[in-house]
Colleague: 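First, the structure itself, so that you have it in front of you.
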Amino acid sequence: MGRASKLLLNLAYGAVGAVRKAVLAAALLLALPAWAEPVNLAALGDSLTQGYGLPPEEGFAPQLEAWLRDNGHDVSITNAGVSGDTTAGGLSRVGWTLTPEIRGMIVALGGNDMLRGIDPANSRENLRGILVAAREAGVEVLLVGIQAPGNYGPDYKAAFDNMYPELAEEFGTLHADNFFAGLAVEGDPSAAATYLQPDGLHPNAAGVSKIVAALGPKVALLLDRIDRD
């Protein structure tokens, strides 16, 4: 075989090898998972969600997002908390909170209704309106309750406390019993004060961390529901 023939043969083998490598590379790329965008959640709430009295990075939404990421969830949380907001305020702005990229929503409202002594029947209807808006948008919800004190009597407390689990059952949403559950210290109720700001109402950064640790697994279940959609 002459030199020219050998050269042509080598070039042909080289071309075939290059094609094989290209095909193999394409197959490997197809086998790799596409880079997914983070799951976008909105935290619709009041000052507890907004992070009242805290640097932005120590508030509820940033700490919850960090907790979820540390536990293997690729998530981004929009802080839709407004200090002083009631369930009526939350209902009035839920429409523009539920932007197209939002796939799940944490609803933590009612504390200011309770502090103002608003009729729980009104609060219930406002929360129902929020849940209807979420359902129509195809957004999964975690409804977070808060426990009323006995100041307004047992009937008020029962009506207020029960509206959260009853609405969650009605709409098939996830439910967390009490936003402050993470601050409960068995056998020493006064110990919770260590985790509150001087106003005795809002958690400090350490308190938010404990709240997030208790609530985080519920939010993880919310993300599981979204993954199944």
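Residue indices begin at 1 and follow the sequence shown.
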Colleague: Please give me the minimum heavy-atom distance between Gln63 and Glu58, naming the atom from each residue.
Modeller: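 What the structure gives for the nearest pair is NE2-O, 2.9 Å.
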Colleague: For the residue pair Gly90 and Ile130, what are the closest heavy atoms and their distance?
Modeller: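 Shortest heavy-atom contact: C-CD1, 3.8 Å.
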Colleague: If we ignore hydrogens and angles and just use 3.5 Å, is the side chain of Glu140 paired with the main-chain N or O of Gly104 as donor and acceptor?
Modeller: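 Side chain of Glu140 to backbone of Gly104, a donor-acceptor pair under 3.5 Å: no, none is there.
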Colleague: Applying side chain to side chain contact (heavy atoms under 4.5 Å, CB included), run through Val39 and His73 and close with a yes or a no.
Modeller: CA-CA 8 Å; Val39 176; His73 299 280; over 6 Å; no
Colleague: Are the side chains of Leu142 and His175 in contact, using a 4.5 Å heavy-atom criterion?
Modeller: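 Not in contact.
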Colleague: Taking salt bridge (Lys or Arg N to Asp or Glu O under 4.0 Å) as the definition, give me every residue that meets it alongside Glu169, ordered by chain and number, with sequence neighbours left out.
Modeller: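 Applying salt bridge (Lys or Arg N to Asp or Glu O under 4.0 Å) to Glu169 gives none.
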Colleague: Should Ile77 and Ile226 be counted in the same cluster of Ile, Leu, Val, Met, Phe, Trp and Tyr side chains packed under 4.5 Å apart?
Modeller: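 Shared cluster, yes.
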Colleague: Do Asn204 and Val208 pass the side chain to side chain contact (heavy atoms under 4.5 Å, CB included) test, and can you show the C-alpha distance, the side-chain angles, and the key distance before you say yes or no?
Modeller: CA-CA 6 Å; Asn204 55 31; Val208 171; over 6 Å; no
Colleague: Can you tell if the side chain of Thr78 reaches within under 4.5 Å of the side chain of Asn40, non-hydrogen atoms only?
Modeller: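 No, every pair of side-chain atoms sits at 4.5 Å or beyond.
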Colleague: Check whether Leu109 and Leu174 end up in the same hydrophobic cluster, where Ile, Leu, Val, Met, Phe, Trp and Tyr are linked by side-chain heavy atoms less than 4.5 Å apart.
Modeller: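 Yes, Leu109 connects to Leu174 through the hydrophobic network.
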Colleague: How about Pro149 and Met114: do any of their side-chain heavy atoms sit closer than 4.5 Å?
Modeller: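 With C-beta onward as the side chain, the pair touches.
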Colleague: Just to verify, what does Glu101 make a side chain to side chain donor-acceptor pair (under 3.5 Å) with, not counting sequence neighbours?
Modeller: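 Residues passing side chain to side chain donor-acceptor pair (under 3.5 Å) with Glu101: Thr99.
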Colleague: If you look only at pairs with a residue in residues 143-168, which of them pass as a salt bridge (Lys or Arg N to Asp or Glu O under 4.0 Å), with sequence neighbours excluded?
Modeller: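 Qualifying pairs: Arg124-Glu166, Lys157-Asp161.
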Colleague: Just grab all the ring-ring contact (aromatic ring centres under 6.0 Å, His included) pairs involving residues 115-171, residues at least two apart or on different chains.
Modeller: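 Listed once each, the pairs are Tyr152-Tyr156, Phe160-Tyr164.
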Colleague: Evaluate the criterion ring-ring contact (aromatic ring centres under 6.0 Å, His included) for residue pair Phe60 and Tyr52; output intermediate values, then yes/no.
Modeller: CA-CA 9 Å; Phe60 173 74; Tyr52 175 87; over 10 Å; no
Colleague: Spell out, as yes or no, whether a donor-acceptor pair under 3.5 Å connects the side chain of Asn79 to the backbone of Gly51.
Modeller: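 Side chain of Asn79 to backbone of Gly51: no pair is present.
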Colleague: Less than 4.5 Å apart, side chain to side chain, heavy atoms only: is that true for Val219 and Leu68?
Modeller: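 Val219 reaches Leu68 side chain to side chain.
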Colleague: Ignoring hydrogens and angles, tell me if any N or O in the side chain of Arg103 forms a donor-acceptor pair with the backbone of Val139 under 3.5 Å.
Modeller: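 The answer is no, because no donor-acceptor pair under 3.5 Å joins these two groups.
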Colleague: Do the side chains of Leu44 and Ile106 get nearer than 4.5 Å, heavy atoms only?
Modeller: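 Heavy-atom side-chain distance check fails, nothing below 4.5 Å.
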Colleague: Under 4.5 Å between side-chain heavy atoms, hopping through other hydrophobics if needed: is there a path connecting Leu196 to Leu115?
Modeller: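 In one cluster with Leu196: Leu115, yes.
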Colleague: Provide the closest heavy-atom pair for Phe179 versus Ala108 in the form atom of the first, atom of the second, distance.
Modeller: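 Scanning both residues completely, I find the closest heavy atoms to be CD1-CB, 4.3 Å.
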Colleague: List for me each residue that meets side chain to side chain donor-acceptor pair (under 3.5 Å) alongside Thr173, sequence neighbours excluded, and say none if there are none.
Modeller: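 Result, side chain to side chain donor-acceptor pair (under 3.5 Å) vs Thr173: none returned.
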Colleague: If we ignore hydrogens and angles and just use 3.5 Å, is the side chain of Gln197 paired with the main-chain N or O of Pro203 as donor and acceptor?
Modeller: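 Between the backbone of Pro203 and the side chain of Gln197 there is a qualifying donor-acceptor contact (under 3.5 Å).
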Colleague: Are Leu223 and Leu41 packed together at the side-chain level, in the sense that at least one heavy-atom pair is separated by less than 4.5 angstrom?
Modeller: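 A side-chain contact exists here, since the closest heavy-atom pair is under 4.5 Å.
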Colleague: Is Lys210 reaching over with its side chain to a backbone N or O of Tyr195, donor-acceptor style, under 3.5 angstrom?
Modeller: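 No, Lys210 side chain to Tyr195 backbone: no donor-acceptor pair under 3.5 Å.
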Colleague: Sorted by first residue and then second, give each side-chain hydrogen bond (donor to acceptor under 3.5 Å, both in side chains) pair with at least one member in residues 82-92; sequence neighbours left out.
Modeller: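 Qualifying pairs, neighbours excluded: Asp85-Arg93, Thr87-Asp113, Thr87-Asn126.
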Colleague: Answer whether the closest heavy-atom distance between the side chains of Ile211 and Leu183 falls below 4.5 Å.
Modeller: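 Result yes, sub-4.5 Å side-chain heavy-atom pair found.
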